[in-house]
Colleague: 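Sending over a structure as structure tokens; questions will come in a sec.
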Amino acid sequence: MRISELFGKTQREIPAEADTASHQLLLRTGMVSQVAAGVYAYQPMGWRVLRKIESIIRDEMDKAGGQELSMPVLQPLGLWQETKRDQAFGKGLFTLADRRQRPLVLGPTHEEVITRMVSRNVQSYRDLPKLLYQIQVKFRDEPRPKGGLMRVREFSMKDLYSFDIDEAGLDQSYQEMLRAYQNIYDRCGLPTLLVEADSGAIGGKDSHEFMVIAQSGEEEVVYCDSCKYAANVEKAESAKEKIKAEKPLPIEEVATPGVTTIEDLAAFLEVPQSYTMKTLFYIADGELVFVVIRGDLEVNEVKLKNVLHCYELRLANEDEVTEKGIVAGSASPVGVRGVKVVADDSVTPGMNFVAGGNKPDTHIKNINYDRDFQADMVVDIALVRAGEGCPHCEGKLSVAHGIEVGHIFKLGTFFSETLDAFFIDEKGVSRPIVMGCYGIGLGRLLAATIEQNHDDKGVIWPRPIAPYQIYLCPLYREDTKVAEIAEKLYDELEAAGLEVLFDDRVESPGVKFNDADLLGIPVRVAVSPRTLEKDSVEMKKRAGKDAELVPLIGASTSLKEIVES
RNA sequence: CGGGGCGUAGCGCAGUCCGGUUAGCGCGCAGCGUUCGGGACGCUGAGGUCGGAGGUUCAAAUCCUCUCGCCCCGACCA
């Protein structure tokens, strides 16, 4: 490709819009162009990279036994109502109506469509297992798109769905995909961490995310320093600090004037925060829920949402609390009636807690679970923090930011049962197909790759996804000999099957070198009177420091070797 | 949805508080010339609904009202 003919220009200045490295570089290199919030056009340079990523993914999916197909973006809302996922997605679902006012959605994912399709094609255990995938655009009306391609509303995604006769089959498909995903990230030059993940409203069993550890990542990843445990903070557990059990003492009211926060309470009574009990109020799908947790811990709302099996969860406002006769700021689980109580499991082992007295300026000492109050559920709903103990070994947990570049789920039989996708097993018994789903967002993967592979001059592409392998730049193009040899070399390199970006512009060396660095093409080849004097061209790797001369004779062959090494 | 910021040429910005001739600067772009191994220089030139609508005023990029859009923080995010 001749730069003079290429659509899409590099920009010298950093666009004001962008503040992450990948976003800035995507714009400065002319790879993408924004159309609306969270909606981007790929220009030729960016599209090339995206297609390389796509073909790596396609290749790995095919190798793993996947069959590619394509499902529609436009889907009837009714299908989503059948699984109630219209509610689960809520406002995130793009909806529209056709000319006869039939409600439609722009698919945010394709479990419903594929399950329906499979139900019509699979009748027998002999038809299974199947791995079906597509690379298709998805629409999600994100509350806040951000970070360039990191979080967008329209994006290309590879989604594969596995269909098995039983759990064992699902496990096998899952392992197969896990390996395929690992290969994809390896080939894209992207180190990832496999973490346990929350499986969301649908609730399947296992779920894992592939995380790229990066400061700019919006996810929080919890991992153990000494064992392999790693989990998204939404799902992460820790060995909670054990408070040594004391003998239960009689309940005692204490006056605590003006004390409403845990911090104040602990300070006022001169006890550690872990000896206090914190109460919070949530509205779960319209119902008030009373939540109790040890004072030094925070509630993990994802866990809470999961145990409550609700679609919408938010903190209650003061009116909603007082309505139930509860005194906010001094609420107590003791004597609470007519409200669902959820207690974190940190509350049971400790004893003689301090908590609210349900009267203003009053708290109660020596509260003990079971003796003084009961909960409808005692479960782990705590947010893990750095420094806590690993639940699987003696190690300590750390927290890092990560970019989620892949997510795999064991869906189980929710969709097959809801949408009637059954098969007849060997014994003639009708059973629901056991499903899994496996997604990778292509644009996000691209952005994460840049995030991990750049310096202050620009992108440094891993070779397999670089838009071009060679940046060929003649210096002093007016010199007819330079021009002639560069043209010839360009033809030879292309003939050798290399993808060459030929900087045929009349520009100073500085401009060309800077664009070469910005675009991040792995190998730069310069032709100039200086190199020709030595019957050579100059080769410099983007990732390396030094340039070296390559003899003109056989240059295309040796450059091909360098590129492929 | 709450909080903050911003919309002036393709890009980055000044001008807005305190209204006043033809709305500036840098980059980029076009032409000519000189240069040229790490974003060269000179000369000439093109390019603007000042996000939009309404209002106030003799006069609006500037003041007022409404509105649209974009970014950041939070909420949110299978």
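Here is the naming used below: chain letters follow the sequence lines, and residue numbers restart at 1 for every chain. Nothing here was measured: the structure is a model prediction, and the numbers come from that model.
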Colleague: Rounding to an integer number of Å, can you tell me how far A:Lys305 NZ sits from B:rA75 P?
Modeller: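 It works out to 13 Å between those atoms.
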Colleague: Measure from NZ or CZ of A:Arg140 to the centre of the six-membered ring of A:Phe94 and say whether it is under 6.0 Å with the direction within 45° of the ring axis.
Modeller: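 No, a cation-pi geometry is absent between A:Arg140 and A:Phe94.
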Colleague: According to the Watson-Crick and G-U wobble definitions, with both distances under 3.5 Å, which nucleotide is paired to B:rG48?
Modeller: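 No nucleotide pairs with B:rG48.
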Colleague: Run the ring-centre check on A:Phe290 versus A:Phe281 and record whether the distance is less than 6.0 Å.
Modeller: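 Yes, the ring centres sit under 6.0 Å apart.
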Colleague: Which is true for A:Met157 with a 4.0 Å heavy-atom rule: it touches a base, it touches only sugar-phosphate, or it touches nothing?
Modeller: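 Answer is base: heavy atoms of A:Met157 come under 4.0 Å of a base.
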Colleague: Which nucleotide, B:rC27, B:rG38, B:rA40, lies nearest any side-chain atom of A:Glu13?
Modeller: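 Looking only at heavy atoms from C-beta outward on A:Glu13, the closest nucleotide is B:rC27.
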Colleague: Measure the distance from NZ on A:Lys91 to C1' on B:rC1 and round it to the nearest whole Å.
Modeller: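 Those two atoms, NZ and C1', are 7 Å apart.
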Colleague: In plain terms, say whether A:Glu54 and A:Arg58 are close enough for a salt bridge, that is, a side-chain N and a carboxylate O under 4.0 Å apart.
Modeller: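 Salt bridge present between A:Glu54 and A:Arg58.
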Colleague: Pick the C1' atom in B:rU21 and in B:rU62, then give their distance to the nearest Å.
Modeller: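 About 16 Å, rounded to a whole number of Å.
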Colleague: Could you tell me whether A:Glu538 contacts a base, only the sugar-phosphate backbone, or nothing, with contacts defined as non-hydrogen atoms closer than 4.0 Å?
Modeller: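 Base, at least one base atom sits under 4.0 Å.
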Colleague: Looking for any heavy atom pair under 4.0 Å, which part of the strands does A:Lys457 touch: base, sugar-phosphate only, or nothing?
Modeller: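 Base: the residue A:Lys457, judged by heavy atoms under 4.0 Å, touches a nucleobase.
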Colleague: Checking base pairs now: Watson-Crick or wobble, both atom distances under 3.5 Å. What partners B:rG33?
Modeller: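 Here B:rG33 is engaged in a pair, and the nucleotide opposite it is B:rC41.
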Colleague: Looking at B:rG37, does its base get a donor-acceptor pair with the side chain of A:Ser528 below 3.5 Å?
Modeller: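 Such a pair is found, so the answer is yes.
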Colleague: What integer number of Å spans the P atoms of B:rG48 and B:rC11?
Modeller: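 Nearest-Å result for B:rG48 against B:rC11 at atom P: 14 Å.
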Colleague: Using the side-chain heavy atoms of A:Tyr476, tell me which of these nucleotides is nearest: B:rG39, B:rC36, B:rC13.
Modeller: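 When the side chain of A:Tyr476 is considered, B:rC36 is the closest of B:rG39, B:rC36, B:rC13.
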Colleague: Provide the Watson-Crick or G-U wobble partner of B:rA23, both distances under 3.5 Å; none if there is no partner.
Modeller: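 B:rA23 is paired with nothing.
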Colleague: Students often get this wrong, so: under 4.0 angstrom with heavy atoms, is A:Asp19 touching a base, only sugar-phosphate, or nothing?
Modeller: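 Counting heavy atoms under 4.0 Å across all strands, the contact made by A:Asp19 is with sugar-phosphate only.
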Colleague: Please report the distance separating the P of B:rG26 from the corresponding atom of B:rG45, rounded so that it comes out in whole Å.
Modeller: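 Between the two P atoms, the distance is 14 Å.
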Colleague: For the side chain of A:Ala37, counting heavy atoms from C-beta on, which of B:rG12, B:rG38, B:rC70 is nearest?
Modeller: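 Selected nucleotide (nearest to the side chain): B:rC70.
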Colleague: Looking only at side-chain atoms of A:Phe513, point me to the closest of B:rC70, B:rC11, B:rG38.
Modeller: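 Nucleotide nearest to A:Phe513's side chain: B:rG38.
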Colleague: What nucleotide among B:rG38, B:rA40, B:rA78 has an atom nearest to a side-chain atom of A:Ser508?
Modeller: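 Looking only at side-chain atoms, A:Ser508 lies closest to B:rA40.
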Colleague: Ion pair present between A:Asp171 and A:Lys410, side-chain N to carboxylate O less than 4.0 angstrom?
Modeller: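 A salt bridge is present here (some side-chain N lies under 4.0 Å from a carboxylate O).
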Colleague: With rounding to the closest Å, how many angstrom separate the C1' atoms on B:rU22 and B:rA59?
Modeller: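 Between the two C1' atoms, the distance is 16 Å.
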Colleague: Both distances under 3.5 Å, Watson-Crick or G-U wobble: report the partner of B:rG2, or none.
Modeller: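 Pairing partner: B:rC73.
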Colleague: Heavy atoms under 4.0 Å, any strand shown: does A:Gly147 hit a base, just sugar-phosphate, or nothing?
Modeller: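 Sugar-phosphate, no base atom in range.
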Colleague: Can you tell me how far C1' in B:rC25 sits from the matching atom in B:rC63, rounded to whole Å?
Modeller: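 One C1' to the other, the span is 26 Å.
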Colleague: Tell me which of A:Ala526 and A:Ala18 sits closer to the 5' end of RNA chain B, going by the nucleotide each one is nearest to.
Modeller: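 Here A:Ala526 is the residue nearer the 5' end.
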Colleague: Can you tell me, in whole Å, how much space there is between the C1' of B:rA60 and that of B:rG15?
Modeller: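 Roughly 14 Å separates the two C1' atoms.
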Colleague: Indicate, yes or no, whether a donor-acceptor pair under 3.5 Å links the base of B:rG26 to the side chain of A:Arg12.
Modeller: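 Answer no: no donor N or O sits under 3.5 Å from an acceptor.
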Colleague: Categorize A:Lys146 for me: base, sugar-phosphate, or nothing, with a 4.0 angstrom heavy-atom threshold over every strand shown.
Modeller: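 The answer is sugar-phosphate, as A:Lys146 gets under 4.0 Å only of primed atoms, P, OP1 or OP2.
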Colleague: Could you give the CD-to-C1' distance, from A:Gln43 to B:rG10, as a whole number of Å?
Modeller: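 A:Gln43 atom CD is separated from B:rG10 atom C1' by 12 Å.
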Colleague: Considering every strand shown, what is the Watson-Crick or G-U wobble mate of B:rG54 when both distances are under 3.5 Å?
Modeller: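 The base-pairing partner of B:rG54, which may sit in any strand shown, is B:rC64.
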Colleague: Would you classify A:Thr531 as touching base, sugar-phosphate or nothing, given that sugar-phosphate means primed atoms plus P, OP1 and OP2, and contacts are heavy atoms under 4.0 Å?
Modeller: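 Counting heavy atoms under 4.0 Å across all strands, the contact made by A:Thr531 includes a base.
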Colleague: Nearest to the A:Arg85 side chain among B:rG39, B:rA78, B:rG37, which nucleotide is it?
Modeller: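 From the listed options, B:rA78 comes nearest.
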Colleague: Report which part of the nucleic acid A:Glu301 touches: base, sugar-phosphate, or nothing (heavy-atom distance under 4.0 Å, all strands).
Modeller: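 Sugar-phosphate: the residue A:Glu301, judged by heavy atoms under 4.0 Å, touches backbone atoms but no base.
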Colleague: Classify the nucleic acid contact of A:Pro145 as base, sugar-phosphate or nothing, counting any heavy atom under 4.0 Å across all strands shown.
Modeller: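 It contacts sugar-phosphate atoms only.
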Colleague: Do the side chains of A:Arg116 and A:Asp420 get close enough for a salt bridge, i.e. N-O under 4.0 angstrom?
Modeller: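 No, this pair does not count.
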Colleague: Which nucleotide in the set B:rG28, B:rG74, B:rG38 lies at the smallest distance from any side-chain heavy atom of A:Arg144?
Modeller: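 Out of B:rG28, B:rG74, B:rG38, the nucleotide with an atom closest to A:Arg144's side chain is B:rG74.
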Colleague: Assign each of A:Leu518 and A:Gln34 to its nearest nucleotide of RNA chain B by heavy atoms, then name whichever residue's nucleotide is nearer the 5' end.
Modeller: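 Looking at the nearest nucleotide for each, A:Leu518 comes out on the 5' side.
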Colleague: Measure up the A:His23 and A:Tyr40 rings against each other and bin them: parallel (under 30°), tilted (30 to 60°), perpendicular (over 60°).
Modeller: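 Plane angle over 60°, so perpendicular.
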Colleague: Within this structure, what is the CZ-to-C1' distance between A:Arg505 and B:rU35, rounded to whole angstrom?
Modeller: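 Result: 17 Å.
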Colleague: Measure CG/A:Asp517 against P/B:rG38 and give the value in whole Å, please.
Modeller: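 To the nearest whole Å, that distance equals 12 Å.
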Colleague: Using the C1' atom in both, what is the distance from B:rU35 to B:rC41, to the nearest Å?
Modeller: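 My reading of the C1' atoms in B:rU35 and B:rC41 gives 7 Å.
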Colleague: Within the structure shown, what part of the strands sits under 4.0 Å from A:Ala36 by heavy-atom distance: base, sugar-phosphate, or nothing?
Modeller: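 Sugar-phosphate only.
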Colleague: Under the 6.0 Å and 45° cation-pi test, does A:Lys130 pair with A:Phe163?
Modeller: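 No, A:Lys130 and A:Phe163 do not form such a contact.
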Colleague: Classify the nucleic acid contact of A:Arg314 as base, sugar-phosphate or nothing, counting any heavy atom under 4.0 Å across all strands shown.
Modeller: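 Here A:Arg314 touches no strand at all.
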Colleague: With both distances under 3.5 Å as the test, what is the Watson-Crick or G-U wobble partner of B:rG28?
Modeller: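 Across any shown strand, B:rG28 pairs with none.
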Colleague: Measure from the side chain of A:Arg524, starting at C-beta and using heavy atoms only, and say which of B:rC13, B:rG39, B:rG37 lies closest.
Modeller: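 From the listed options, B:rG37 comes nearest.
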Colleague: How would you label the contact of A:Arg153 with the nucleic acid (heavy atoms, under 4.0 Å): base, sugar-phosphate, or nothing?
Modeller: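 Contact class for A:Arg153: none.
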Colleague: Answer yes or no: are there more than 12 heavy-atom neighbours, outside A:Glu68 itself, under 6.0 Å from its atom CD?
Modeller: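 More than 12 heavy atoms, drawn from other residues, nucleotides or ligands, come within 6.0 Å of this atom.
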Colleague: Should we say atom CD of A:Glu218 is surrounded by more than 12 heavy atoms from elsewhere, each under 6.0 Å from it?
Modeller: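 Yes, because the 6.0 Å sphere around CD of A:Glu218 holds more than 12 heavy atoms from other groups.
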Colleague: Any idea which of B:rC71, B:rG37, B:rA78 is nearest the A:Glu17 side chain?
Modeller: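 Selected nucleotide: B:rC71.
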Colleague: Separation of A:Glu220 atom CD from B:rC76 atom P, in whole Å?
Modeller: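 Between P of B:rC76 and CD of A:Glu220: 13 Å.
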Colleague: What distance, rounded to whole Å, do you find between the two P atoms, one in B:rG12 and one in B:rG28?
Modeller: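 Those two atoms are separated by 15 Å.
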Colleague: Could you state the atom-to-atom distance from CD of A:Gln11 to C1' of B:rG12 in whole Å?
Modeller: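 Atom-to-atom, A:Gln11 to B:rG12, this comes out as 9 Å.
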Colleague: Tell me: CG of A:Leu532 to C1' of B:rG37, nearest whole Å?
Modeller: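 To the nearest whole Å, that distance equals 13 Å.
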Colleague: Ring centres of A:Phe210 and A:Tyr185 under 6.0 Å apart?
Modeller: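 That pair passes the under 6.0 Å test.
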Colleague: I want to verify a distance call: between B:rG39, B:rA78, B:rG37, whose nearest atom is closest to the A:Phe409 side chain?
Modeller: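 Nucleotide nearest to A:Phe409's side chain: B:rA78.
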